[in-house]
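Computed from a prediction, not measured in an experiment: that's the story for all the values here.
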Amino acid sequence: MTVVNGSDGTIPAMGEGGESYAALVDHELDTPRGPYITVDVEDYFHDIPGGEGIFAQEGLTSNLQAALEQLLDLFAEHGTLATFFVLACAAHRIRPQLERINGEGHEIASHGFGHIPATWISREEFREDLTRAKGTIEDIGGTRVSGYRAPRFSVTEQNLWALDEIRATGHLYDSSVCPVKNFAYGIPTAPERPHLLTNGLTEIPLSRVRMLGYRFMVSGGFYLRAYPFWFTRFLLSRRERSLPLVHYIHPWEWEDRKLNAWQVGVDHPALEWKPRRMRFINTYNRRAALDRFSRLLGEDANAPLRSMVPS
């Protein structure tokens with residue numbers, strides 16, 4: 001793997017021709033508000049490069065199968081249809097859950113193969129990861145993969161070429177762009193509404209709220225765990241009513257004491273080098289995650305993301 005940071009010219013600052021993101025937007029789409037429910041299917045150790053290998057070598061415990069079963073039971077209870085962005089290197093371990101996802105009408109999409117952020121690798125390596133992931137998930141999952149979400153939402157203004165690679169590898173839509181800016185990701189000038197790009201790819205951004213000069217991510221994950229739930233509700237009430245809501249969660253974001261596995265994994269010496277900031281983001285208030293997420297579900301959350309792609 002070749003890790004690049006864009007400082008040596010390997011990755012251009014904007015698109016191939018130096019375009020801004022705005023120049024790549026053809027038009028915004030008029031889509032139902034949702035909410036749309038998405039799941040980034042990965043284990044706690046996948047946030048570390050080579051995490052799947054560490055899992056195999058060190059004998060780490062995995063919660064992935066059981067956590068997916070919990071989510072699928074929850075979705076069935078609420079009549080929810082969701083999009084599952086599957087990390088391909090783990091797909092062989094969750095065959096029964098992929099069969100259930102398919103059988104219950106949810107969508108299977110791609111989260112890449114090795115959970116390496118697109119900002120860390122070359123364009124050629126990104127293309128290889130996309131292609132390998134799509135083929136693996138389609139073979140194991142038994143369904144066509146139309147959508148993609150980059151690890152850590154890592155399509156940014158520094159690697160806009162990724163959007164061409166996502167489209168060129170047969171994906172119809174992407175859901176990697178966050179219309180904010182923080183230390184890890186974001187394209188603050190991106191439209192908040194789903195939009196069609198000039199290369200034919202549909203981009204479905206994560207949800208944010210603008211208030212008092214600040215931009216708040218409000219769509220799930222760490223933000224759902226970190227904000228008091230009343231504040232999440234307040235932010236959602238401040239969103240423009242016509243904007244679609246896209247929520248997300250990771251299966252490792254809650255602790256089930258019956259499984260008794262999360263703490264075993266997160267405290268393993270092989271994972272100790274994880275940056276302190278990311279460790280905090282991944283572990284803070286995880287006991288609240290599933291309950292809060294379930295309170296965001298409703299009978300109107302019944303369409304996968306692919307339903308927003310123009311026919």
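- Taking the six-membered ring for Trp and the full ring otherwise, Phe126 and Trp161 have centroids separated by under 6.0 Å.
- Put simply, the side chain of Ser207 does not reach to within 4.5 Å of the side chain of Glu192, judged on heavy atoms.
- Residues Ala67 and Pro251 share a closest heavy-atom pair of CB-O, 3.6 Å.
- The environment of Arg132 atom CZ is sparse: at most 12 non-hydrogen atoms of other residues, nucleotides or ligands sit within 6.0 angstrom.
- Hydrophobic cluster membership differs between Ile54 and Leu87, with clusters built from Ile, Leu, Val, Met, Phe, Trp and Tyr side chains linked at under 4.5 angstrom.
- Just one residue in the list Tyr185, Phe222, Tyr148 forms a ring-ring contact (aromatic ring centres under 6.0 Å, His included) with Phe153, and that residue is Tyr185.
- Residues Thr38 and Arg149 have side chains that bring a donor and an acceptor to within less than 3.5 angstrom of each other.
- For the atom pair CG (Leu235) and CE (Met211), the distance works out to 5.0 Å, reported to the nearest 0.5 Å.
- Arg144 has no carboxylate O lying under 4.0 Å from a charged side-chain N of Glu138, or vice versa, which leaves the two without a salt bridge.
- Under 3.5 Å, the side chains of Arg152 and Thr119 contain no donor-acceptor pair of N or O atoms.
- In this structure, Ser175 and Leu206 have side chains that are in contact, with non-hydrogen atoms separated by less than 4.5 Å.
- By the 6.0 Å and 45° rule, Arg225 does not stack over the aromatic ring of Tyr284.
- When all heavy atoms of Ala150 and Val155 are compared, the closest pair comes out as CB-CG2, 4.2 Å.
- By the side chain to side chain contact (heavy atoms under 4.5 Å, CB included) test, Glu128 pairs with no residue at all, sequence neighbours left out.
- The cationic group of Arg238 does not satisfy the cation-pi geometry with Phe216, failing either the under 6.0 Å distance to the six-membered ring centre or the 45° limit from the ring axis.
- Rounded to the nearest 0.5 Å, atoms CZ (Arg292) and NE2 (His247) are 14.0 Å apart.
- Looking at heavy atoms from C-beta onward, Leu245 lies out of side-chain contact with Tyr36 at the 4.5 angstrom threshold.
- Judged purely by distance below 3.5 Å, without hydrogens or angles, the side chains of Arg306 and Ser146 never pair a donor atom with an acceptor atom.
- In this structure, CG in Leu201 is found 12.0 Å from CG in Asp26, a value given to the nearest 0.5 Å.
- Ring-centre distance between His115 and Phe45: not below the 6.0 Å cut-off.
- The two residues Glu52 and Cys89 have their closest heavy-atom pair at OE2-O, 3.6 Å.
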